[in-house]
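Reviewing the structure listed below.
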Amino acid sequence: MKMKRAWADYAQGAARQSVQTMVLNPNPILRLRTVCLHAAFVVGAFALCGCAQAGTGSVVTQGEPMDRSPPKGDARVEADRVAALVDSIADKLAAERPIDAVEPKAEPLHGPDITAQVLEERLLALASALRGPDQIEVRFVEQILGMSISNPETGKVVGTQGAVGQAVYDIGSEAPYEGGPFGNLRVMIREGATEQCELTYPSFARNLESMGYRPFPMPLYLEPGIEFVREFGDFSAIVTLHLDRRDSPRCIDKLDFILQDVKDGRLEN
């Protein structure tokens, strides 16, 4: 009887944790996976409850038929009780914390069609100007690039897309990392049908080094790329070039412009 009660308590605890995960976890895939896992534990607990009770019955005397089946209705009663508990916990948690609706991602703006030379000049101008928080502020970035990357009504950064040569540029619609104020900018170059390289690594890297940026190759377990770092007082300006290959790179596929407070972690030499 004690074993049956212990497994019944375990089943209730699993059900409670499953509901909490379902209500509080913002990731729907993780919610579903956790709920299914706990449901399997609950079913197994009920089965063991029946087996435990079957094993604690009266001693069978010789000549008596052995009945190993659990008493009918016990498992159903436990299941109904846990289901009622699940419903009550779900109602309570939903009332305490409503599930936030997922906001759809805003569509990027349509930017001007420019040449690869113009894009390279504007990106190098941004790298040259990046010295402190004012130079990574949205309005300043838009002025340097000569295009809008934020919604004029809300001021929220949504990015902009346009043609550059035979490829498509995408500025600011994705960030190198999430969270915090606008202190980073991502520029992606999606090559077209041809294999022409719109932004070439050798010339871009030479210009960065002439501005005082120092190159740091990315670790081997990451995608091919090089971080160029320049420090000004309390801040580090970082321009990361994501490349087509690790050895003898030719094309730049993506650029990240990041302003880092050195107190948050200085890059190692």
Side-chain angles (χ1 to χ4, degrees), residues 108-131 135-136 138 140-150 157-178 182-232 235-260 267-269:
L109 305 174
H110 180 70
D113 296 342
I114 56 179
T115 64
Q117 181 180 354
V118 170
L119 179 61
E120 180 174 346
E121 290 174 353
R122 294 180 182 180
L123 295 178
L124 288 172
L126 179 60
S128 177
L130 191 57
R131 298 170 181 268
Q135 287 77 48
I136 199 66
V138 177
F140 183 87
V141 171
E142 291 179 330
Q143 183 178 1
I144 290 289
L145 297 180
M147 60 186 72
S148 297
I149 60 174
S150 62
V157 175
V158 295
T160 185
Q161 295 179 352
V164 51
Q166 300 297 319
V168 175
Y169 67 82
D170 185 329
I171 301 178
S173 67
E174 295 185 9
Y177 55 86
E178 300 296 334
F182 180 74
N184 54 85
L185 179 73
R186 169 160 288 176
V187 180
M188 294 179 288
I189 309 296
R190 300 189 178 94
E191 300 295 342
T194 65
E195 296 184 358
Q196 180 178 350
C197 193
E198 301 299 341
L199 281 183
T200 57
Y201 168 75
S203 62
F204 205 96
R206 283 194 300 269
N207 280 284
L208 288 177
E209 292 188 56
S210 68
M211 299 175 191
Y213 282 90
R214 294 180 298 160
F216 296 89
M218 300 286 282
L220 294 177
Y221 56 83
L222 297 178
E223 63 182 11
I226 297 181
E227 285 186 338
F228 287 81
V229 183
R230 185 175 65 171
E231 297 182 354
F232 294 96
F235 297 97
S236 293
I238 306 171
V239 180
T240 304
L241 306 183
H242 301 265
L243 308 171
D244 57 343
R245 53 179 177 262
R246 197 175 304 277
D247 297 327
S248 302
R250 188 175 67 93
C251 297
I252 301 174
D253 302 324
K254 186 168 52 182
L255 304 90
D256 294 334
F257 294 82
I258 301 173
L259 185 68
Q260 182 183 52
L267 296 176
E268 297 292 335
N269 291 339

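The first residue in the sequence is number 1, and the count goes up from there. Only a predicted model underlies this, so the values are computations on that prediction, with no experimental measurement involved.
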Over 12 non-hydrogen atoms of neighbours within 6.0 angstrom of CD in E209: yes
Atom CD of E121 with >12 non-hydrogen neighbours under 6.0 angstrom: yes
Within the structure provided, determine whether [X] and [Y] are in side-chain contact (heavy-atom separation under 4.5 Å).
| X | Y | answer |
| --- | --- | --- |
| V187 | F257 | yes |
| L255 | F204 | yes |
| F235 | L130 | no |
| T240 | F228 | no |
| E142 | S150 | yes |
| N207 | Y213 | no |
| L208 | R230 | no |
| I171 | M147 | yes |

Could you report the tightest heavy-atom contact between [X] and [Y], atom names first, then the distance?
| X | Y | result |
| --- | --- | --- |
| H110 | T160 | C-OG1, 3.7 Å |
| A163 | D113 | N-OD1, 3.2 Å |
| N184 | I258 | CB-CG1, 4.0 Å |
| V229 | S236 | CG1-CB, 4.3 Å |
| V164 | V168 | CG1-C, 4.0 Å |
| T200 | I252 | O-CD1, 3.8 Å |

Modelled atom types, side-chain donor and acceptor of E223 and H242, under 3.5 Å: yes
Donor-acceptor side-chain pairing of S173 and D170 below 3.5 angstrom: yes
Verdict with reasoning, M218 to L243, per side chain to side chain contact (heavy atoms under 4.5 Å, CB included): CA-CA 10 Å; M218 300 286 282; L243 308 171; over 6 Å; no
Look only at the side chain of [X] and the backbone of [Y], and say whether a donor-acceptor pair between them is shorter than 3.5 Å.
| X | Y | answer |
| --- | --- | --- |
| D256 | R186 | no |
| R246 | P249 | no |
| E198 | I189 | no |

What is the distance from atom [atom1] of [X] to atom [atom2] of [Y], rounded to the nearest 0.5 Å?
| X | Y | atom1 | atom2 | result |
| --- | --- | --- | --- | --- |
| L259 | L185 | CG | CG | 12.0 Å |
| L124 | S210 | CG | OG | 8.0 Å |
| R250 | L199 | CZ | CG | 12.0 Å |
| F140 | Q135 | CZ | CD | 5.0 Å |
| R190 | M188 | CZ | CE | 4.5 Å |

Derivation and outcome, side chain to side chain contact (heavy atoms under 4.5 Å, CB included), residues L109 and I149: CA-CA 7 Å; L109 305 174; I149 60 174; 6.0 Å; no
